Amino acid sequence: MKTKKTYERPLIKSLNSGLMNKFGKRTEWTPLTEIDGVKVVDLLNEYGSPLFVYSEKKIRENYQHAKRVFETRYPKVQFAWSYKTCYLNAVCDVYHQEGSWAEVVSRFEYEKALKNGVPGDKIIFNGPDKTDDDLMLAIKNNSPIHIDHLDELYRLHELASGLTKKPKVAIRVNMDTGIYPMWDRFGFNYENGQAWDAINKIITLNKLDLVGLHTHIGTFMLTPSAYAVAASKMADLAINIKKKYKKSISYIDMGGGFASKNTLKGSYYMGSDTVPDIEEYAEAITSTLINAGFDKDEMPYLYLETGRALVDDAGFLMGTVIANKRLSDGRRATILDFGVNVMFTSFWYDHKISPVEELGYHTEDTTLYGPMCMNIDVVRENISMPPLSPGNHVVAHFVGAYNVTQSMQFISLRPAIVMIDLHGKPHLIKTKETLEGIQRDELVPQHLKTFKL
Ligand SMILES: Cc1ncc(COP(=O)(O)O)c(C=O)c1O
């Protein structure tokens with residue numbers, strides 16, 4: 001039997017000349033109907049809209065690829081999963097199953113890693129805010145503590161005075177890598193001697209065990225050569241510590257910051273066409289360390305805290321079209337049921353958004369808004385999409401990093417999160433928020449409990 005084709009309404013469009021680039025004009029008409037073999041529409045029917053979906057397959061592939069890339073270039077490599085990038089337990093556990101340690105920046109994250117079963121000595125404790133109690137817990141668990149500032153260093157010295165074992169520490173180093181603005185608010189500066197001051201104090205006072213050096217030069221770094229500069233400055237510190245104090249540093253932690261394939265707002269080209277591959281970052285770091293002059297038997301471990309580059313493309317956010325409208329200048333606008341509340345990264349990326357249904361090849365420049373009653377709730381300022389109708393669905397790509405951890409509970413409930421396993425089976429890994437859950441921690445004083453209107 002012949003099936004009748006879907007009616008496509010006629011569309012009159014003005015032609016703007018001069019807007020093409022050498023790739024032609026990007027349009028998003030190709031539908032994304034499935035993720036890892038599971039129909040997007042089935043997921044939305046089962047778990048509600050909007051919905052975050054993580055692909056376990058993609059997470060593992062990304063990790064295994066990055067590990068291979070570094071391990072084929074350097075003898076001693078250890079990854080530590082950056083919890084702040086996405087601390088959903090199921091996501092963390094995939095990385096831990098693959099062999100990744102944990103990298104945390106707060107007591108909350110530290111306890112999450114412990115509860116996930118990561119041994120204390122495999123939890124790297126970064127961040128500027130560690131109380132005495134946090135530090136004592138980390139010391140007890142033998143975790144490497146990365147010192148951020150002198151006040152923390154002095155507190156650690158005080159705490160260590162009453163102990164028999166020396167706490168394991170590293171210092172965070174910031175530096176000029178040729179990328180500006182410099183990330184100099186964390187750690188001790190290399191160029192002005194702060195880093196050496198901290199190193200000399202630690203080694204001379206002899207109460208702490210300086211086991212490593214740490215840096216994290218920035219995030220979404222598009223210039224791999226900046227990592228070569230950073231690695232050479234880190235190696236310089238380590239080699240001179242050895243010369244001056246006859247002490248070998250056991251690891252150099254190069255932090256994270258490798259870009260994912262997302263497209264930064266204002267970029268002329270798509271991120272997928274221009275972002276460096278992980279091989280380029282690896283080459284810059286490992287060649288520098290290998291050629292730095294370490295004794296062959298005393299090469300430091302290379303620690304990596306890569307976040308977004310390992311998870312961004314493993315996360316999807318799917319949702320439903322609420323309505324269409326015309327703005328005052330005639331532009332088409334489409335309102336979706338997810339916005340910046342759960343897709344915080346729309347503030348700096350032009351996320352790829354795909355329709356889910358087959359809608360035809362005609363596209364029109366459209367602004368995609370979220371459902372928040374606030375003006376800044378813009379998912380894409382301008383995207384060329386087929387005319388979506390209420391009830392149609394869309395999928396946002398590259399949302400695996402920083403969206404779940406930075407999402408806002410503003411005027412509505414945060415969505416459920418699903419992970420599709422290696423056999424194409426979806427698992428609910430976080431339930432949709434409930435009013436009861438949110439109000440559980442609220443208290444109303446007795447005298448406010450009754451009113452008459
Ligand atoms: C100390 C530290 N390590 C690792 C990361 C992960 O960074 P990215 O997601 O850019 O790789 C961050 C994030 O800002 C960080 O602050």
Side-chain angles (χ1 to χ4, degrees), residues 59 62-63 65-67 69-70 77-88 91-92 95 100-110 112-113 122-130 138 143-149 152 169-175 177 179 181-188 212-224 226-227 230-231 234 251-262 264 271 275-278 280-282 284-285 302-315 344-345 347-349 398-406:
I59 296 176
N62 288 348
Y63 182 83
H65 177 68
K67 187 166 179 285
V69 163
F70 275 90
V77 177
Q78 179 61 54
F79 281 83
W81 175 240
S82 155
Y83 264 46
K84 71 149 84 75
T85 309
C86 179
Y87 44 59
L88 287 166
V91 170
C92 296
Y95 288 108
S100 188
W101 295 1
E103 182 271 324
V104 303
V105 291
S106 66
R107 173 70 173 252
F108 163 76
E109 288 191 347
Y110 188 91
K112 225 167 187 295
K122 295 180 170 52
I123 305 177
I124 296 170
F125 201 172
N126 278 317
D129 174 22
K130 308 181 198 86
S143 306
I145 301 168
H146 288 184
I147 304 172
D148 181 71
H149 45 260
E152 186 179 339
V169 300
I171 57 159
R172 177 159 177 174
V173 181
N174 69 62
M175 61 189 71
T177 59
I179 304 293
M182 244 167 82
W183 274 36
D184 61 356
R185 60 160 286 192
F186 300 108
F188 302 91
L213 296 168
H214 170 238
T215 191
H216 172 69
I217 59 174
T219 195
F220 211 89
M221 303 291 287
L222 289 164
T223 316
Y227 284 91
M234 298 293 271
Y251 66 86
I252 288 181
D253 182 340
M254 291 299 298
F258 308 156
S260 69
K261 298 284 177 186
N262 244 316
L264 278 182
V275 164
D277 291 325
I278 199 139
E280 296 176 62
Y281 298 104
I285 293 171
L302 168 59
Y303 286 5
L304 295 152
E305 304 168 350
T306 312
R308 67 177 81 235
L310 293 186
V311 80
D312 228 5
D313 62 351
F344 195 74
T345 54
F347 286 127
W348 51 87
Y349 296 135
F398 301 109
V399 298
Y402 298 103
N403 284 300
V404 172
T405 46
Q406 294 186 325

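For ligands, and for the atoms within them, numbers begin at 1 and follow the listed sequence. Note that the structure is a prediction, hence the values are computed from the model and not measured.
Short contacts between ligand 1 and Ser82, defined as distances under 4.0 Å to a heavy atom of the residue, involve ligand atoms 5 (C), 6 (C). Taking a cut-off of under 4.0 Å to the non-hydrogen atoms of Thr306, the atoms of ligand 1 that pass are 11 (O). Each of the following atoms of ligand 1 lies closer than 4.0 Å to a heavy atom of Glu103: 1 (C), 2 (C), 3 (N), 4 (C). Ligand 1 places these atoms under 4.0 Å from at least one heavy atom of Gly256: 4 (C), 11 (O). Counting the atoms of ligand 1 from 1 in the order shown, those under 4.0 Å from a heavy atom of Asn126 are 1 (C). Within ligand 1, counting atoms from 1 as listed, the ones closer than 4.0 Å to a heavy atom of Thr85 are 9 (O).
Where the criterion is an N or O separation shorter than 3.5 Å, residue side chain and backbone included, Phe220 fails it with respect to ligand 1.
With a 4.0 Å cut-off on non-hydrogen atoms, His216 touches ligand 1 through its side chain and not its backbone. When heavy-atom distances to ligand 1 are checked against a 4.0 Å cut-off, Tyr402 comes that close only through its side chain, counted from C-beta outward.
Ionic pairing of Asp148 and Arg185 is not present here: no N-O contact between side-chain nitrogen and carboxylate oxygen is shorter than 4.0 angstrom.
Under a 4.0 Å heavy-atom criterion, Arg172 is in contact with ligand 1. Under a 4.0 angstrom heavy-atom cut-off, Gly257 registers as being in contact with ligand 1.
With values rounded to the nearest 0.5 angstrom, Lys130 atom NZ is found 3.5 Å from Glu152 atom CD.
When each of Asn262, Thr85, Thr219 is checked for a side-chain hydrogen bond (donor to acceptor under 3.5 Å, both in side chains) with Arg308, only Thr219 meets the rule.
Taking the side chain as every heavy atom from C-beta outward, Leu302 and Ile285 approach each other to under 4.5 Å. Within the 4.5 Å cutoff, the side chain of Phe398 has no heavy atoms near those of the Tyr349 side chain. Residues Tyr63 and Leu310 form a side-chain contact, since some pair of their non-hydrogen atoms from C-beta on lies under 4.5 Å apart.
Within the 3.5 Å criterion, the main-chain N or O of Ala230 finds no donor-acceptor partner in the side chain of Thr177. Side-chain atoms of Tyr281 come within 3.5 Å of backbone N or O of Met221 as a donor-acceptor pair.
Scanning the protein for heavy atoms near atom 10 (O) of ligand 1, the closest one is Thr219 OG1, 2.4 Å. Protein heavy atom in closest approach to atom 4 (C) of ligand 1: Glu305 O, 3.3 Å.
Not less than 6.0 angstrom separates the ring centroid of Phe344 from the ring centroid of Tyr402.
Ranked by closest heavy atom to atom 12 (C) of ligand 1, the top entry among Met221, His214, Lys84 is Lys84.
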